[in-house]
Amino acid sequence: MVRDRALSLVEYLLAVRAMLEKPARSVPAADALWQAELPGHPACEVGPRRPGGSWLRVGRPASPTPPVIPAGLVRHLMWDLSFSQPPRLVDEPAPPAETVDEFTGWLEHAWQPWAAEATAADATRRLHDRLYDLRYRLDIDAARLELVWGHAVLDARPPSGTNGTEWIRYPLLATPVAIEYDAEATVVSVAPQGPPRLQVDALSGVDDRRIADLLELGGTGGQVEVDPWDAQERRDFAERALRRLGFDPVLRDPALGDPAPGDPAPPSIVDTSVLFVRPRQRMVRRFLEQMRDLLASDPAASVGALASVLVHEPSRLRLPDDAAQEWQRTGDRLLMPMPTNDAQESIARRLAEHRGVAVQGPPGTGKTHTIRNLICHLLAHGKRVLVLAQKEDPLRVLRDGLPEEIQPLCLAVLGRSA
């Protein structure tokens with residue numbers, strides 16, 4: 001009976017998420033930096049220098065010294081020296097032939113090299129400032145946004161005449177990264193924060209069997225043992241992934257550009273990478289899908305803590321892995337370091353006897369203080385405590401109010417904590 005309720009609840013939650021979350025099938029253009037777009041300047045270094053090192057380092061180079069304009073050309077030029085606008089000679093009066101020859105030589109050997117270097121330096125400074133600002137934006141909105149570096153970009157065009165929103169252009173590998181800043185060297189760097197993982201959300205609606213075959217390339221949580229900066233490993237992975245999706249192993253060089261509109265190009269992987277911001281993926285849907293499959297296929301599978309929501313008397317429910325005697329001892333000795341009252345002590349004693357205890361009350365009645373006391377009490381009895389909230393700010397406030405001796409024992413599972 002409880003299993004049937006659990007399966008129905010999971011299927012309902014999956015349907016709700018399908019309505020609320022539409023899969024992202026392409027990289028968001030506003031917050032994306034494609035590898036081919038990164039400036040070609042010595043102050044912009046792409047790729048790891050050593051294993052585990054940063055993948056991008058961007059300085060803020062000074063603008064190169066402008067070229068000297070020959071004295072004989074000054075009165076014949078109609079511009080202010082700029083690297084973005086090529087200089088021109090005045091039309092009238094027409095300059096003599098030797099002046100035109102001198103201008104052509106100066107333009108080729110002085111202005112053009114300077115303009116190319118100045119353009120690259122300007123692009124590098126703008127990239128530096130963009131990453132510097134993005135670092136603070138991500139820090140403020142860490143609970144909602146994440147920065148990832150994607151490799152092996154799947155490009156699957158919709159058939160002619162179909163809805164263009166079904167076009168998939170999304171990396172099959174994504175690695176979480178963070179922006180770091182060295183104020184002394186004035187260098188912004190982007191460093192990996194974990195292993196690359198398979199990305200299948202963009203394939204939602206494709207044959208589930210094919211997606212399952214693709215997921216077999218990864219381990220727990222989609223983690224893959226591929227160095228995305230090793231060309232051979234990356235290409236081997238791309239070819240295997242395309243075969244498992246039922247496509248021919250076609251890899252495309254990004255330098256060749258996109259096929260012409262209307263060209264029935266086969267699905268392929270563009271061998272490039274992209275740094276982009278996206279909504280933080282909670283992996284809730286995949287978790288619910290795995291739970292649904294387990295409940296539907298394995299009669300011996302435990303419903304687990306979900307049972308405490310579905311039974312008529314959840315607070316009295318006992319499961320095989322409960323350690324009732326250990327919990328009873330927590331009610332015999334209350335270890336609360338902050339001021340307490342009878343209501344808080346009653347909650348702690350109820351926790352020693354019941355699986356679920358609900359505490360409610362209007363703002364200002366001491367719920368947060370109660371949670372802090374309960375955390376300290378349970379830790380003192382050797383328990384581990386998982387604290388959840390809809391947003392990250394309440395968790396930060398809760399942690400900051402704990403005794404200083406307890407705070408170092410707290411680990412943020414989500415957010416930017418390493």
Side-chain angles (χ1 to χ4, degrees), residues 1-7 9-10 13 143 220 282 284 287-288 290-291 294-295 298-415 417-418:
M1 185 68 173
V2 174
R3 178 181 302 281
D4 293 339
R5 293 179 184 173
L7 187 56
L9 175 61
V10 170
L13 293 175
T220 304
R282 303 297 185 184
V284 176
F287 168 76
L288 291 172
Q290 291 173 347
M291 181 181 290
L294 182 64
L295 291 172
D298 186 0
S302 172
V303 176
L306 189 58
S308 65
V309 181
L310 300 169
V311 298
H312 294 300
E313 292 290 341
S315 67
R316 300 184 181 278
L317 179 69
R318 292 298 177 191
L319 295 177
D321 57 349
D322 284 349
Q325 293 182 348
E326 292 184 12
W327 276 97
Q328 287 172 359
R329 286 197 291 269
T330 66
D332 297 335
R333 187 182 181 194
L334 303 184
L335 304 173
M336 297 183 176
M338 295 181 287
T340 184
N341 55 37
D342 292 342
Q344 292 183 12
E345 294 174 4
S346 171
I347 295 168
R349 291 193 174 95
R350 286 181 60 82
L351 279 175
E353 298 291 337
H354 301 273
R355 286 189 59 85
V357 177
V359 180
Q360 63 182 25
T365 54
K367 295 186 298 298
T368 302
H369 182 83
T370 301
I371 295 173
R372 291 179 182 136
N373 252 339
L374 289 173
I375 290 173
C376 298
H377 165 65
L378 295 173
L379 285 179
H381 279 282
K383 302 297 183 183
R384 291 178 296 175
V385 183
L386 176 64
V387 185
L388 305 177
Q390 188 171 4
K391 297 183 179 180
E392 194 171 356
D393 288 343
L395 297 177
R396 189 178 297 113
V397 171
L398 179 66
R399 179 186 183 277
D400 292 345
L402 288 169
E404 292 184 1
E405 297 83 358
I406 298 295
Q407 290 185 22
L409 301 177
C410 298
L411 170 68
V413 178
L414 299 178
S417 171

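Both backbone and side-chain heavy atoms feed into the values below; hydrogens, waters and symmetry mates do not. Treat the numbers as computed from the prediction; the structure is a model and nothing was measured.
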Review point. In chain order, what residues pass the side-chain contact (heavy atoms from CB on, under 4.5 Å) check against L334, with sequence neighbours excluded?
Key: E345, A348, R349, H377
Point to revise | Shortest non-hydrogen separation from G331 to A352 and the atoms involved | key: N-CB, 3.6 Å
Check your understanding: Do you know the tightest heavy-atom contact between D298 and R3?
Key ->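 Minimum heavy-atom separation between D298 and R3: O-NH1, 3.4 Å.
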Is there a side-chain contact between [X] and [Y] in this structure, where contact means two heavy atoms from C-beta onward sitting under 4.5 Å apart?
X	Y	answer
E353	W327	no
R372	M336	no
L9	R5	no
C376	L335	no
I375	V387	yes
V357	H354	yes

Practice item. List for me each residue that meets side-chain hydrogen bond (donor to acceptor under 3.5 Å, both in side chains) alongside R396, sequence neighbours excluded, and say none if there are none. Key: D393
Review point. In Å and rounded to the nearest 0.5 Å, what is the CG to CZ distance from L409 to R399?
Key: 9.5 Å
Exercise for review: Please round to the nearest 0.5 Å and tell me the distance separating atom NE2 of H381 and atom CG of L351.
Suggested key: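 Here the interatomic distance stands at 11.5 Å.
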Check your understanding: K367: what forms a salt bridge (Lys or Arg N to Asp or Glu O under 4.0 Å) with it, not counting sequence neighbours?
Key ->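 K367 satisfies salt bridge (Lys or Arg N to Asp or Glu O under 4.0 Å) with no other residue.
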Exercise for review: Return yes if some donor-acceptor pair links the side-chain N/O of S346 with the main-chain N/O of D342 below 3.5 Å, else return no.
Suggested key: no
Exercise for review: Verify, without hydrogens or angle tests, whether Q344 (side chain) and N373 (backbone) share a donor-acceptor contact under 3.5 angstrom.
Suggested key: no
